[in-house]
Amino acid sequence: MTPAARYAAAIEVLDEIAEGQAAEAALLRWTRAHRFAGSKDRAAIRDIVFSIERRRASCAAMGGGQTGRSLVLGYLSQEGQPAETVFGADRYAPPPLEPGEEARDGSLLSEAETADLQPWIWTRFQEDYGAQAGAIAEALRHRAPVWLRVNRAKAQRGAVVAQLAADGFAPEAHESCSTAIRINAGARQLAQHSLYLEGLVELQDLGSQIAMEASEIVQGSRVLDFCAGGGGKALAAAARGAQVTAHDAMPARMGDLPTRAARAGTEIDLAPPQGAYDYVICDVPCSGSGAWRRSPSGKWQLGPDDLARLIALQRSIVREALGFLRPGGRLAYMTCSLLQGENRDQRDFLLDASASGAELSLLRDAQLTPLDGSDGFYYAVFESGHAATSG
């Protein structure tokens, strides 16, 4: 496919997204309908679509609308690429621009459009981060870095870094997180690499890895990953020699966890949780605002009522999870969110025994942002003072 033809394909996909189709599903539909497209074409189309989704507000404002065609026009203007190099460039390109169809001046964008956030979310960012709000919003307009977690049960980080460097991945070990390696080249080939296939490494964002280290899980301890999802944190805890039970309200999310655990050389118990645990991990359902670089459609779908429902759900989940925490045990509350209503406000809620149903003391907490090299991520590690009550 020519470069212009790739933009034409991206326009089709963006129009499906505008009609309510999820980005991944729209891309898959396009791929199945155009089997002639090679892997490089598919990757390039995906990059265009996700770049525009991250910048949908500014691209729409500069391109004059929400259609795929307008979004591409606005995107090209932002990138400094003449529109005629795409529109009408060849027989497979989008049709030429019509009279009056031209990009707007980017200097006329509102603050929220410049930040590529909904206005109410931009206001929250300013309230939560002050002078850093603009830089955080700007980081969310670009692709996220790729991080690996070294499986401590099977590998040493130094040896893994050496192998990745020899194979051209340009790895970079994180200075303070002992398991984390950033990949700066060839990330799309990782899933076929022997280190991944043999369970020596897992894909896991830096924020999650830092949070797991902060939890200080020790060998032989009983750990409950109460909102396990795909099971990344359960695997990280098992790699430290813990006895791990993984639970999720939607068990299908954990469908491939036994296979991943076997590959990693560890065991994860998927039976319903019972008894008291030394550690309870609650990576609760959240807005996902910290991961909007990876799932940018969430930027435009989240509403204030959605956030309020999530906050209530988070509190309900943690109250239930506290019922499995032994006296003196540790609760690790986590979100992949940048919004403090889900983070430090929830920390304060948990410290209020009359609200949370347990006496907890805060050991440590931290808000990570894309400026730290990770996704937006929050964690708070608490210690239980006495037996908790569920409710």
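With Asp283 contributing its side chain and Cys227 its backbone, the two residues share no donor-acceptor pair below 3.5 Å. Here the side chain of Ser316 pairs no donor or acceptor atom with the backbone of Ala312 at under 3.5 angstrom. Remark: the backbone N or O of Pro95 is paired with a side-chain donor or acceptor of Arg69 at under 3.5 angstrom. Although no hydrogens or angles enter the test, the distance criterion places a donor-acceptor pair under 3.5 Å between the side chain of Asn343 and the main chain of Ser337. A donor-acceptor pair under 3.5 Å is absent between the side-chain atoms of Lys299 and the main chain of Trp292, judged by distance alone. Here the side chain of Gln209 pairs a donor or acceptor atom with the backbone of Leu148 at under 3.5 angstrom. Using modelled atom types, no side-chain atom of Gln118 and backbone atom of Gly303 make a donor-acceptor pair closer than 3.5 Å. Looking at Glu172, its side chain never comes within 3.5 Å of a backbone N or O of Asn184 through a donor-acceptor pair. Judged purely by atom type and a 3.5 angstrom limit, Asp269 uses its side chain to pair as donor or acceptor with the backbone of Ala271.
With salt bridges taken as basic N to acidic carboxylate O contacts below 4.0 Å, none links Arg104 and Glu113. Arg240 has no carboxylate O lying under 4.0 Å from a charged side-chain N of Glu216, or vice versa, which leaves the two without a salt bridge. Salt-bridge annotation for Asp375 and Arg293: present, with a side-chain N of the basic residue lying under 4.0 Å from a carboxylate O of the acidic one.
Nearest heavy-atom pair, Ala321 versus Cys282, reported as atom, atom and distance to 0.1 Å: CB-SG, 3.4 Å. The shortest non-hydrogen separation linking Ala135 to Leu371 is O-CD2, 3.8 Å. Across all non-hydrogen atoms, the minimal contact from Arg141 to Ser58 is NH2-OG, 3.6 Å. A pairwise comparison of heavy atoms in Ala261 and Leu235 identifies CA-CD2, 3.6 Å as the closest pair.
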Exercise for the section: Given side-chain contact (heavy atoms from CB on, under 4.5 Å), test Thr369 with Tyr129 step by step and report yes or no. Expected result: CA-CA 10 Å; Thr369 77; Tyr129 295 101; 4.0 Å; yes
Practice task
For the pair Leu140 and Asp116, evaluate side-chain contact (heavy atoms from CB on, under 4.5 Å) and give the outcome as yes or no after the intermediate values.
Solution key: CA-CA 8 Å; Leu140 291 176; Asp116 271 306; over 6 Å; no
Practice task
Could you please spell out the steps behind the side-chain contact (heavy atoms from CB on, under 4.5 Å) verdict for Phe382 and Leu351?
Solution key: CA-CA 9 Å; Phe382 303 89; Leu351 290 173; 3.7 Å; yes
Problem - CA sep, side-chain torsions, deciding dist, call: Glu202, Arg263, side-chain contact (heavy atoms from CB on, under 4.5 Å) - result: CA-CA 10 Å; Glu202 281 272 347; Arg263 186 176 68 210; 3.2 Å; yes
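How far CH2 of Trp147 is from OG of Ser208: 12.5 Å, rounded to the nearest 0.5 Å. With values rounded to the nearest 0.5 angstrom, Leu339 atom CG is found 9.0 Å from Gln367 atom CD. The line from CD of Gln204 to CD1 of Ile210 is 11.0 Å long, rounded to the nearest 0.5 Å. How far CE of Met62 is from CD of Glu102: 11.5 Å, rounded to the nearest 0.5 Å. Note that CG of Leu224 is 10.0 Å distant from CG of Leu331, once rounded to the nearest 0.5 Å. Separation of atoms CZ (Arg46) and CD (Glu24) is listed at 4.0 Å; rounding is to 0.5 Å.
The local environment of CD in Gln192 is crowded, with over 12 non-hydrogen atoms from other residues, nucleotides or ligands closer than 6.0 Å. Other residues, nucleotides and ligands place more than 12 heavy atoms under 6.0 Å from the CZ atom of Arg364.
Looking at heavy atoms from C-beta onward, Leu338 lies in side-chain contact with Pro370 at the 4.5 angstrom threshold. Counting heavy atoms from C-beta outward, Lys233 and Met212 have side chains that approach closer than 4.5 Å.
Using a 3.5 Å distance cut-off with no hydrogens or angles, the side chains of Gln66 and Arg56 do pair a donor with an acceptor. A side-chain donor from one of Asp105 and Ser107 sits under 3.5 Å from a side-chain acceptor of the other.
When each of Arg188, Arg6, Arg42, Lys40 is checked for a salt bridge (Lys or Arg N to Asp or Glu O under 4.0 Å) with Asp47, only Arg188 meets the rule. Tested against Leu200, the residues Lys154, Gln156, His193 include a single side-chain contact (heavy atoms from CB on, under 4.5 Å) partner, Lys154.
Members clustered with Phe87: Met1, Tyr7, Ile11, Val13, Leu14, Ile17, Leu27, Trp30, Phe36, Ile45, Ile48, Val49, Phe50, Ile52, Leu71, Val72, Leu73, Tyr75, Leu76, Val86, Leu97, by chain and number, using a 4.5 Å side-chain heavy-atom cutoff among hydrophobic residues.
For the pair Arg222 and Tyr277, the cation sits on the ring face: its NZ or CZ lies under 6.0 Å from the ring centre, inside 45° of the axis.
Val146 and Leu206 are members of different hydrophobic clusters when ILVMFWY side chains are connected at heavy-atom separations under 4.5 Å.
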